[in-house]
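What follows is a set of notes on a single structure, which appears directly below.
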Amino acid sequence: MGLEQAKNYSCEDVYGSLQLFELQKPQLEKLALWSLFADLEGPLIPVLSRMERAGIEVDMDLLSALSAEFAEKLEKLKGEIYALAGEEFNINSTQQLGEILFEKLKLPRGRKTKTGYSTDVKVLERLAAQHELPGLILAYRNLAKLKSTYIDKLARLRHPDTGRIHTSFNQCGTATGRLSSSNPNLQNIPVRSEEGQRIRSAFVAAGGCLLLSGDYSQIDLRVLAHYSRDEALLEAFRNGEDIHRRTAAEIFFVSPELITPEMRRVAKTINFGIVYGMSSYGLASQLQISRKEAQTFIDRYFEHYAGVRKFMEEIIARAHEQGYVTTLLGRRRQLPEINSRNRTKREFAERTAINTPIQGTAADIIKLAMLRVDRELREQKLAARMILQIHDELVLEVPKKELDVTRDLLQQAMETVMELAVPLSVNLTVSQNLGKA
DNA sequence: ACAATGGTCC
DNA sequence: ACTCGGACCATTGTA
């Protein structure tokens with residue numbers, strides 16, 4: 001492209017942006033959204049831009065080795081699957097898989113989908129007790145997913161000049177105010193499985209640097225405590241308690257020391273479910289218990305955290321009146337179906353009315369923290385730089401010499417950026433790579 | 001090109 | 001019949 005063309009093109013972009021600005025400023029002011037833009041979202045733009053351009057280093061040798069290893073294991077699994085099925089078929093096709101499992105092998109069919117048999121992980125796990133094949137399918141899917149979505153995709157997106165991976169952070173794509181990440185999505189890099197951890201290990205710090213990450217502890221539930229001013233929730237966080245353990249103690253009527261891992265797991269599911277506006281039905285299917293048992297847990301939860309119930313009722317009532325909900329910084333989400341006569345639609349909107357102020361406020365908080373971290377890093381002339389945001393977590397690439405000062409800076413910035421009715425708590429991790437070990 | 005299904009993260 | 005909030009992406013199979 002010639003200079004003349006480049007000039008016209010870029011000036012048109014600038015002019016168009018200015019016109020949009022002048023059009024939208026009064027609209028934002030009318031909705032009391034101007035300061036959200038002027039003080040948060042606007043200033044965040046250059047921060048995100050710097051993060052995108054910084055990118056993150058990936059150990060391509062490790063990634064290639066993983067790719068080869070996974071390919072080999074997949075070939076082997078494929079052979080075993082064909083042998084067990086008695087024929088070759090496309091394992092990736094849910095349709096063909098369903099025919100093998102439920103027609104040829106006559107395994108008991110579970111749920112069905114719009115188009116046929118469901119073959120999702122829940123169904124296959126149940127079937128695994130009766131036949132060898134479903135377990136192999138699960139193993140195959142696990143590896144195939146990691147290989148295609150993460151390993152091979154990352155290799156293709158490595159920038160030829162920087163040798164690093166440069167995601168795109170979308171600032172205005174979500175309904176709640178969260179960021180999203182694409183090409184590649186670096187906000188859903190595997191973390192739970194062991195193979196996932198090996199992929200994470202390929203995300204490494206640059207030479208002479210370490211990765212420093214700070215993640216908010218239970219930010220959603222702390223925001224809920226702030227909104228609801230529920231006494232028990234406030235007390236738990238002010239005392240630095242393990243909130244899932246505390247919830248377990250309350251719903252099982254057992255003292256906290258006697259909580260088993262299983263009881264804690266149930267309580268954790270409930271705590272998450274609460275934030276999502278979960279029903280007894282949802283909890284039952286999640287925990288594989290009866291609806292009645294689920295309802296008992298929920299009843300006990302609200303008995304203990306009575307302020308939470310009140311908050312939920314009030315936020316739903318307000319959503320019905322106003323037709324929208326807002327976050328602590330005034331971010332706003334319209335809920336056009338909140339007064340729908342269709343029960344399913346209306347109830348969905350009601351769950352959204354509960355979840356959005358919580359998730360959205362958490363997003364407000366970490367965005368504010370990003371502004372502060374970026375500003376302080378530059379003010380203090382540090383070479384450390386923010387490279388990732390994963391909803392409740394910030395990842396920095398830090399020269400080893402700057403580690404001590406940056407550690408304090410990050411924790412301080414994240415914990416004090418907003419004052420809630422409960423303290424914000426941040427856990428720091430320093431590592432050579434994003435993996436666990 | 002698009003819907004359906006399935007799966008990864010917070 | 002309902003199935004818990006917010007995202008992105010791969011693959012199959014049909015259009």
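Naming: A, B, ... by sequence-line order, numbering from 1 per chain.
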> So, does the side chain of A:Q286 form a donor-acceptor pair with the base of C:dC4 at under 3.5 Å?
Replying inline: yes
> Over how many whole Å does the gap from A:E125 atom CD to B:dG6 atom P extend?
Replying inline: 14 Å
>> Using only modelled atom types and a 3.5 angstrom limit, is any donor from either the side chain of A:R192 or the base of B:dC9 paired with an acceptor on the other?
In response: no
> Could A:R246 and A:E250 be called an ion pair, given the rule that one side-chain N must be under 4.0 Å from one carboxylate O?
Replying inline: yes
>> Using 0.5 Å steps for rounding, measure from the CD1 atom of A:I81 to the CD atom of A:E132.
In response: 11.0 Å
Side-chain donor-acceptor pairs of residues 211-221 of chain A under 3.5 Å, sequence neighbours excluded:
| from | atom 1 | to | atom 2 | distance (Å) |
| --- | --- | --- | --- | --- |
| A:S213 | OG | A:E393 | OE2 | 3.4 |
| A:Y216 | OH | A:M414 | O | 2.6 |
| A:Q218 | NE2 | A:H244 | NE2 | 3.3 |

> Within the side chain of A:R238, is there an N or O that forms a donor-acceptor pair under 3.5 Å with the backbone of A:A421?
Replying inline: yes
>> Nearest whole Å is fine: how far is C:dC4 P from A:L221 CG?
In response: 18 Å
>> Is the phosphate of C:dC4 approached by A:R351 (side-chain N or O, under 4.0 Å from OP1 or OP2)?
In response: no
>> For A:E88, is there an ion pair with A:K78 - N to carboxylate O distance below 4.0 angstrom?
In response: no
> Can a side chain N or O of A:T115 be found less than 4.0 Å away from OP1 or OP2 on B:dT5?
Replying inline: yes
>> Please pick, from C:dC4, B:dC10, B:dA4, the nucleotide with the shortest atom-to-atom distance to any side-chain atom of A:R178.
In response: B:dC10
> Just one of A:T176, A:T361, A:D364 clears the side-chain hydrogen bond (donor to acceptor under 3.5 Å, both in side chains) bar with A:T327, so which one?
Replying inline: A:D364
> Which class fits the ring pair A:F311 and A:Y227: parallel under 30°, tilted 30 to 60°, perpendicular over 60°?
Replying inline: parallel
> When we call it a touch if two heavy atoms are under 4.0 Å apart, what does A:I189 touch: a base, just sugar-phosphate, or nothing?
Replying inline: sugar-phosphate
> Hey, are A:E397 and A:R164 close enough for a salt bridge, meaning a charged N less than 4.0 Å from a carboxylate O?
Replying inline: yes
>> Expressed as a whole number of angstroms, how long is the span from A:L97:CG to B:dG7:P?
In response: 10 Å
> In terms of side-chain heavy atoms of A:N188, which of B:dC9, C:dG6, C:dC4 is nearest?
Replying inline: B:dC9
>> Tell me whether the side-chain N/O atoms of A:S180 come closer than 4.0 Å to OP1 or OP2 in C:dC8.
In response: yes
>> Expressed as a whole number of angstroms, how long is the span from A:N170:CG to C:dC8:C1'?
In response: 11 Å
> Atom CD1 of A:I151 and atom P of B:dT8: how far apart are they, to the nearest Å?
Replying inline: 14 Å
> Using a cut-off of less than 4.0 Å, is there contact between a side-chain N or O of A:S279 and OP1 or OP2 of C:dC4?
Replying inline: yes
> When the distance from CE of A:M312 to C1' of C:dC4 is rounded to whole Å, what number comes out?
Replying inline: 11 Å
> With a non-hydrogen cut-off below 4.0 angstrom, is A:R141 in contact with a base, only sugar-phosphate, or nothing?
Replying inline: sugar-phosphate
>> Can you build the contact string for nucleotides 10-15 of chain C? Use B for base contact, S for sugar-phosphate-only contact, and - for no protein heavy atom under 4.0 Å.
In response: SSSS--
>> Looking only at the side chain of A:S182 (C-beta and beyond, no hydrogens), which of the listed nucleotides B:dC9, C:dG5, C:dC9 gets closest?
In response: C:dC9
>> Measuring from the side chain of A:N355 (C-beta onward, heavy atoms only), which nucleotide among B:dC9, B:dG7, C:dG5 has the closest atom?
In response: C:dG5
> With sugar-phosphate meaning primed atoms plus P, OP1 and OP2, does A:T119 contact a base, only sugar-phosphate, or nothing at under 4.0 Å between heavy atoms?
Replying inline: sugar-phosphate
> In whole Å, what is the span from the CG atom of A:N342 to the P atom of C:dC2?
Replying inline: 11 Å
> So A:E72 and A:K76, salt bridge (Lys or Arg N to Asp or Glu O under 4.0 Å) or not? Walk me through it.
Replying inline: CA-CA 6 Å; A:E72 199 175 313; A:K76 203 168 158 215; over 6 Å; no
> If you find the nucleotide of DNA chain C closest to A:T352 and the one closest to A:T344, which residue's nucleotide is nearer the 5' end?
Replying inline: A:T344
> So A:F348 and A:L335, side-chain contact (heavy atoms from CB on, under 4.5 Å) or not? Walk me through it.
Replying inline: CA-CA 10 Å; A:F348 192 92; A:L335 298 171; over 6 Å; no
> Counting any heavy atom closer than 4.0 Å, what does A:F348 reach on the DNA or RNA strands: base, sugar-phosphate only, or nothing?
Replying inline: sugar-phosphate
>> What residues from residues 320-338 of chain A pass a heavy-atom cutoff of under 4.0 Å to DNA chain C?
In response: A:R333
> Which whole number of Å gives the distance between the C1' atom of C:dC4 and that of B:dA3?
Replying inline: 23 Å
>> Need one value for A:V191: base, sugar-phosphate or nothing, where a base atom within 4.0 Å counts as base even if backbone is also close, heavy atoms only.
In response: sugar-phosphate
> Between A:L233, A:I274, A:L224, which is the residue that forms a side chain to side chain contact (heavy atoms under 4.5 Å, CB included) with A:Y305?
Replying inline: A:L233
>> Counting only side-chain heavy atoms from C-beta out, which of B:dC10, C:dC9, B:dG7 sits nearest to A:N183?
In response: C:dC9
> Of the nucleotides C:dC4, B:dT5, B:dC9, which has the atom closest to the A:T269 side chain?
Replying inline: C:dC4
>> Rounded to whole Å, please give me the gap between CG in A:L186 and P in B:dC10.
In response: 13 Å
>> Heavy atoms only, 4.0 Å cut-off, all strands: where does A:G273 land among base, sugar-phosphate and nothing?
In response: base
> Charged N to carboxylate O under 4.0 angstrom, A:E350 versus A:R343?
Replying inline: no
